[in-house]
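Treat the numbers as computed from the prediction; the structure is a model and nothing was measured. Per chain, numbering begins at 1; letters A, B, ... match sequence-line order.
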Amino acid sequence: MSLIKEIDLPGIGRKFQVNARSGDKLVIVVHDDGRREIHHFDNDDPEESISMVTLDDTEARRVSGIIGGMAYMPKALESVDVAFDEMVFEWYKVESGAKAIGKNIGELHIRKKTGAMIIAIIKKDKRIVNPGPDQVIPEGATLVVIGDRKQVKSCKELILHGSL
Amino acid sequence: MEGHILFEIGLALMVVAAAGLLAARFRISIVPFLILAGMVVGPHAPVWGVLDFRFIQSAPLIQFMGRLGVLFLLFYLGLEFSVGRLLKAGKSIFLGGTTYMLINFSLGMALPFLWGWPLREALVVAGIISISSSAIVAKVLVDLKRTVRAETEMILGLMLYQDVFVAVYLSVLSGLVLRGSSSPLEVLKAASISLGFMLGFILIGRKLAPRINRLLNVPSDEIFMLIVFALLTVVAGFSETIHVAEAIGALLVGLVLAETDHFERIEHIVVPFRDFFGALFFFSFGLSIDPTSLDGAIWPALIAVVVTLLGNFIAGVVAGRKAGYSYYGSTNIGLTITSRGEFSIILANLAKAGGLLPLLQPFAALYVLLLAIIGPLLTKESKWIYSKLAVVFKWPAIKERKQRKQAMES
């Protein structure tokens with residue numbers, strides 16, 4: 001995905017420049033203190049931003065979840081996995097025979113054992129964003145898992161077999 | 001009479017905190033306020049009953065905490081410092097940084113020579129004048145929401161370049177100043193000892209990195225912090241015994257620890273200490289300056305400020321234009337890099353330790369006071385300044401926003 005350009009801002013954070021296919025230009029600055037600045041630029045004037053939004057860390061995560069389709073999956077897509085550099089989001093459906101069903105995230109030690117993290121659980125009309133450690137894995141739900149490819153794979157195995 | 005040292009330190013911290021509050025109220029960098037606060041109190045300050053603002057008993061202790069502040073400031077610089085990053089930054093940064101240094105360093109050398117100051121004093125002044133405050137610059141850019149602008153990359157690149165320059169320059173200069181000799185052979189010897197110490201330390205540090213990694217592999221934050229701070233103090237203290245500035249020792253520890261896996265964890269724990277002791281450093285620097293001794297320093301400081309503004313602006317515009325930024329972007333570069341702060345004070349402190357002209361401290365204090373306030377102001381008003389300059393130099397005017405036009409039409 002060459003449409004995103006990354007630039008280091010030493011002492012401040014990192015800048016991501018996105019030239020969208022629609023022709024819009026978006027620049028996101030991730031500050032080391034957790035703030036995010038999102039700027040919108042005019043096509044023919046790369047110097048002055050038209051508008052900007054500042055988000056704190058929590059807000060930025062929420063918004064990223066919405067944009068990533070975690071809260072509401074776009075209807076056009078069946079199952080999704082999104083790769084961003086090494087980072088992968090995967091929508092994983094818990095099959096009926098999976099050993100982890102009925103256990104909670106804390107006792108499975110998902111994050112500790114696999115490194116991956118479940119950031120949302122979607123079941124029919126119910127959505128749990130950012131589930132806590134006592135959240136039980138329900139049958140037939142879709143889990144949104146984040147991690148690198150290996151971590152996500154071992155997380156899926158953990159869900160299926162109940163252990164690694 | 002037994003002094004109430006804890007109460008005195010408490011009062012000192014109250015003054016420091018009040019200076020911080022004022023700085024926040026006026027939305028100006030905290031550095032000039034801390035120096036000013038230190039200058040206002042001190043041996044000449046009045047005593048109101050138990051409120052003793054002369055800090056006679058506690059002065060050595062405040063001075064010592066300020067000393068720790070320098071260690072933490074330099075340690076942090078070492079952690080953040082990266083030649084690799086500078087190389088990655090590219091040719092335009094390298095060219096721009098070199099242009100900047102050539103112009104401003106020679107101006108900084110020329111001034112003290114014109115005033116008839118000796119060589120070592122001139123070298124210190126050149127450093128004070130040519131090194132911007134990367135902390136103030138970064139803060140101003142964030143506050144003004146300029147981080148997104150294209151030329152900000154160049155500004156931060158120049159800061160990176162200067163940080164590398166500071167590290168090398170401080171080590172050479174500390175050898176010259178602290179040895180206290182002036183024969184060319186002695187000077188050469190002093191400089192080579194400190195450079196040799198630096199290189200040797202970095203090489204050994206690289207070799208030992210895996211071991212340090214294992215040593216630091218402790219889950220307890222408390223013990224982890226103790227090990228890091230012990231390393232920092234021991235190396236800095238040892239450097240001093242061989243006439244290398246302790247600040248350089250701290251910098252070296254930072255450089256070596258930056259190579260370990262624990263880099264982020266160290267950075268995390270060191271920041272509060274840097275901020276606390278750093279504040280006391282600026283305060284104690286102000287405390288060491290007698291306001292009545294400022295007379296002789298006023299003109300040199302004012303002239304140095306004007307020369308710095310001109311030299312920085314020209315260098316910034318030249319570097320920016322060469323790198324392909326617009327006239328407005330280049331103006332931003334030239335104005336933003338004028339802020340001065342921590343490094344200028346550290347250099348003045350070094351001069352004091354080496355017993356150079358006592359005039360250097362009030363000079364540096366006034367110089368930093370002015371530029372730590374003027375620099376951010378110029379940065380903020382860059383659009384207005386550009387519009388005035390554009391008329392003189394026939395630069396293109398800034399495009400008015402299209403949106404406004406559309407809004408008016410509809």
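Proximity of B/Lys145 to A/Thr54: side-chain heavy atoms (C-beta onward) are separated by under 4.5 Å at one or more points.
For A/Lys123, the NZ atom is densely surrounded, since the number of other residues' heavy atoms within 6.0 Å is greater than 12. By the neighbour-count criterion of 12 heavy atoms within 6.0 Å, atom NE2 of B/His268 is sparsely surrounded, having that number or fewer from other residues, nucleotides or ligands. Surrounding NZ of B/Lys322 are more than 12 heavy atoms belonging to other residues, nucleotides or ligands, all under 6.0 Å away. Heavy-atom contacts from other residues, nucleotides or ligands closer than 6.0 Å to NZ of B/Lys139 number 12 or fewer. No more than 12 heavy atoms of other residues, nucleotides or ligands shown are found within 6.0 angstrom of NZ on B/Lys380. Other residues, nucleotides and ligands place no more than 12 heavy atoms under 6.0 Å from the CZ atom of B/Phe94. For B/Arg265, the CZ atom sits in a packed shell: over 12 heavy atoms of surrounding residues, nucleotides or ligands are nearer than 6.0 Å.
Heavy-atom distances place the backbone of B/Ala150, and not its side chain, under 4.5 Å from chain A. Heavy atoms closer than 4.5 Å to chain A are found nowhere in B/Ile155, neither backbone nor side chain. With a 4.5 Å cut-off on non-hydrogen atoms, A/Ile12 touches chain B through its side chain but not through its backbone. If you measure heavy-atom distances from B/Tyr328 to chain A, the contacts under 4.5 Å come from the side chain alone.
In terms of heavy atoms, A/Lys15 sits closest to B/Val148 at NZ-O, 3.3 Å. Residues A/Pro10 and B/Leu156 come closest through the heavy atom pair O-CD2, 3.7 Å.
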Test log, rule side-chain contact (heavy atoms from CB on, under 4.5 Å), inputs B/Val142 and A/Arg35 = CA-CA 11 Å; B/Val142 171; A/Arg35 243 180 311 162; 3.5 Å; yes
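The CD atom of A/Glu37 sits 12.5 Å away from atom CZ of B/Arg146, with the distance rounded to the nearest 0.5 Å. For the atom pair OG1 of B/Thr152 and CD1 of A/Ile7, the computed distance is 10.5 Å after rounding to the nearest 0.5 Å.
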